[in-house]
Amino acid sequence: MHHDILDLLDDTLTRLLHVRGELSAARRVLPGERQTAVERAIEAAEEFSASATGLLNGISKP
């Protein structure tokens, strides 16, 4: 499971860094573009949370 959590975290961090790059780029943005980027960041975090929770719930507890 340790490896699976690390893979999930790596994927999430990659997605968040991509969104961060879009938000910090010195360029003109279209109306709503920043909001869409933030929504994608939230989606990445929610997917990590759901997947990690699923992995943790799969662990048998004493």
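Note that this is a predicted model, so its numbers are computed, not measured.
- In the hydrophobic clustering of this structure, Phe48 groups with Leu13; members are Ile, Leu, Val, Met, Phe, Trp, Tyr whose side-chain heavy atoms approach within less than 4.5 Å, directly or through other members.
- Two different hydrophobic clusters hold Val29 and Val38 under the rule that ILVMFWY side chains link at heavy-atom gaps under 4.5 Å.
- Using a 4.5 Å heavy-atom threshold, the side chains of Leu8 and Leu55 count as touching.
- The side-chain heavy atoms of Glu47 and Thr12, taken from C-beta on, include no pair separated by under 4.5 Å.
- Residue Asp11 holds its CG atom at 9.0 Å from OG of Ser51, rounded to the nearest 0.5 Å.
- Atoms CG and CD1, on Leu9 and Ile5 in that order, are 8.5 Å from each other to the nearest 0.5 Å.
- Side-chain contact check for Arg15 versus Val19: every heavy-atom pair is 4.5 Å or farther apart.
- In this structure, Glu33 and Glu22 have side chains that are not in contact, with every pair of non-hydrogen atoms separated by 4.5 Å or more.
- Closest heavy-atom contact between Leu23 and Ala37: CD2-CB, 3.7 Å.
- In Arg27, the CZ atom is crowded: over 12 heavy atoms of neighbouring residues, nucleotides or ligands sit closer than 6.0 Å.
- To the nearest 0.5 Å, atoms OG (Ser24) and CG (Leu17) are separated by 10.0 Å.
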